[in-house]
Colleague: 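To start, I am sharing the structure in question, which I have written as structure tokens.
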Amino acid sequence: MAGLKIENVTKTFGDYDALSNVSLDVANGEFVAVLGPSGCGKTTLLRLVAGFEQVNQGTITVGGKEMSNPKLNVPPEQRRVGIVFQNYALWPHMSVSENVGYSLKVAKVDKAERDRRILEALELVDLQGYGDRRPANLSGGQRQRVALARCLVSAPSLVLFDEPLANLDVHLRASMEDEFASFHKRTGTTIIYITHDQAEAMALADRIAVMDKGHLVQFATPRELYEQPATPMVASFIAQGMVFPAKVLTVEENGQCKVEVLGQEAVFRCRPGQGVTGDAKVCIRAADIIPAAKDGIEVSVKRSIYRGGGSRIEAVAGNETQELHFDLADPKRLAEGETTRIAIASGWVIPEANV
Ligand SMILES: Nc1ncnc2c1ncn2[C@@H]1O[C@H](COP(=O)(O)OP(=O)(O)OP(=O)(O)O)[C@@H](O)[C@H]1O
Ligand SMILES: [Mg+2]
């Protein structure tokens, strides 16, 4: 197993910065998810770590050994880094065992040793007994596990996943998620896992790296990202946080601030040591919005979406243009065009509102 240290890495394609000054320190055995909008540089980051691309600036160190800098690019096969892509591309004419053992055959590992390691890899992904099948006779999830076994057979110290579940249906995704979690628990392999699925990232990862336009914006635990987003981008990207302009009126002790938002005063959480009063941006979650009596904020309902057991209400306050949303439990209902009153019970003062 090995940790991964990415320091000040920049990657340009022509004059386009696909990655700008990215630093990421992943501990030995950690499970890190990478989240971010399409085109933000996630795959590029993995390709650099695997050695398929060379960095323009910065360094990449795996297990204490420097693998990449502008003058050095240790070839992929010498990095002990395994990679599993979204389209797992198994060879259709080979059996499962042949697929898994192919890299060992190329490396001229002798037959007995090869067979032993193939069996071991198939056991790790719970596919013992499937060695003689062809990929065509496997389910999507089983094929994905063969791809994982093929990566594990060379005993990588670090495994990179690029959206490995994107092609699978919802049920299969859930059971594969369990497989990945138990694989990680069993082996303690360091894992970097790219996904578009936030719930998946939250469920699996020790820490999540959020990227935007080639920059690393925040690297924190799932809970911290949700409760204390560092920027408006993270606030709105993670779990559809609502970002509103606000005024910080006073900074209290123990990480609380009195703010004015949507014309009302409320006590929000803020970073301890937050010294700034005045204009700010805040993140409000659906769960922070509660129905209120007559002195609440008046909102008019734009849309009510039934969600089973309750509805998600989309509404706007007064003259605002920006929508807010909250959940309304059955049997209460609100129809489009109705007005109602809400209170904002809590929220978070975004520390880096200007980035
Ligand atoms: N070989 C290349 N040559 C030129 N531009 C590239 C190359 N590879 C990637 N890019 C550009 O770099 C940016 C980042 O691409 P990347 O594939 O890393 O995004 P991503 O975050 O993985 O996106 P997605 O979620 O859609 O997979 C994109 O704008 C892409 O067009
Ligand atoms: Mg990608």
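We count residues from 1, following the sequence as given. Just so you know, ligand 1 is whichever comes first in the structure, and atom 1 is the first atom listed for that ligand. Only a predicted model underlies this, so the values are computations on that prediction, with no experimental measurement involved.
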Colleague: Which protein non-hydrogen atom lies closest to atom 28 (C) of ligand 1, naming both residue and atom, and how far is it?
Modeller: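 Going by distance alone, atom 28 (C) of ligand 1 is nearest to G39 O, 3.9 Å.
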Colleague: If you count the atoms of ligand 1 from 1 in the order shown, which ones are under 4.0 Å from a heavy atom of T43?
Modeller: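 What qualifies from ligand 1 is 17 (O), 18 (O), 20 (P), 22 (O), 27 (O).
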Colleague: With a cut-off of 6.0 Å (strictly less than), are more than 12 heavy atoms of other residues, nucleotides or ligands near CZ of R186?
Modeller: yes
Colleague: What are the two closest non-hydrogen atoms of V153 and V100, and how far apart are they?
Modeller: CG1-O, 3.2 Å
Colleague: Please, which pairs that meet salt bridge (charged side-chain N to carboxylate O under 4.0 Å, His left out) have at least one residue in residues 85-110, sequence neighbours excluded?
Modeller: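 Every candidate salt bridge (charged side-chain N to carboxylate O under 4.0 Å, His left out) pair involving residues 85-110 fails, so no pair, neighbours aside, qualifies.
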Colleague: Looking only at protein heavy atoms, identify the closest one to atom 25 (O) of ligand 1 and say how far it is in Å.
Modeller: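 Scanning the protein heavy atoms, the shortest distance from atom 25 (O) of ligand 1 goes to K42 NZ, 2.7 Å.
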Colleague: For R333, enumerate each residue passing the side chain to side chain contact (heavy atoms under 4.5 Å, CB included) test, keeping only those at least two apart in sequence or located in another chain.
Modeller: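 Once residues adjacent in sequence are excluded, R333 has no partner under the side chain to side chain contact (heavy atoms under 4.5 Å, CB included) criterion.
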Colleague: Hey, which atoms in ligand 1 end up nearer than 4.0 Å to a heavy atom of A18?
Modeller: 12 (O)
Colleague: Any N/O/S atom of T43 sitting less than 2.8 Å from the Mg ion (ligand 2), backbone or side chain?
Modeller: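 Checking T43: at least one N, O or S atom is under 2.8 Å.
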Colleague: Please work out whether any backbone atom (N, CA, C, O) or any side-chain heavy atom from C-beta onward of H196 is under 4.0 Å from ligand 1, and answer side chain, backbone, both or neither.
Modeller: side chain
Colleague: Drop me the distance from F161's CZ to T195's OG1, to the nearest 0.5 angstrom.
Modeller: 12.0 Å
Colleague: Please indicate, with yes or no, if any protein heavy atom is found under 4.0 Å from atom 10 (N) of ligand 1?
Modeller: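 It does: a protein heavy atom is found less than 4.0 Å away from atom 10 (N) of ligand 1.
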Colleague: Protein heavy-atom contact under 4.0 Å for atom 6 (C) of ligand 1?
Modeller: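 Yes, there is one.
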Colleague: Rounded at 0.5 Å granularity, tell me how far CZ in R303 sits from CD in E323.
Modeller: 8.5 Å
Colleague: In the protein, which heavy atom is nearest to atom 26 (O) of ligand 1, and how far is it?
Modeller: S38 OG, 2.5 Å
Colleague: Work out whether the distance between some heavy atom of G36 and some atom of ligand 1 is less than 4.0 Å.
Modeller: no
Colleague: As an exercise, state the distance from CD of Q57 to OG1 of T12, rounded to the nearest 0.5 Å.
Modeller: 8.0 Å
Colleague: Would you indicate which of Y16, F52, F13 comes nearest to atom 3 (N) of ligand 1 when only heavy atoms are counted?
Modeller: F13
Colleague: Tell me: protein heavy atom nearest atom 15 (O) of ligand 1, and distance?
Modeller: T44 OG1, 3.6 Å
Colleague: Return yes when R47 approaches ligand 1 closer than 4.0 angstrom through a heavy atom, no otherwise.
Modeller: no
Colleague: Tell me whether the NZ or CZ atom of R150 lies within the 45° cone about the ring axis of Y102 and under 6.0 Å from its centre.
Modeller: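 No, cation not above the ring by the 6.0 Å, 45° rule.
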Colleague: Verify salt bridge (charged side-chain N to carboxylate O under 4.0 Å, His left out) between D17 and K11, making sure each step is shown before the conclusion.
Modeller: CA-CA 6 Å; D17 284 352; K11 176 65 188 173; over 6 Å; no
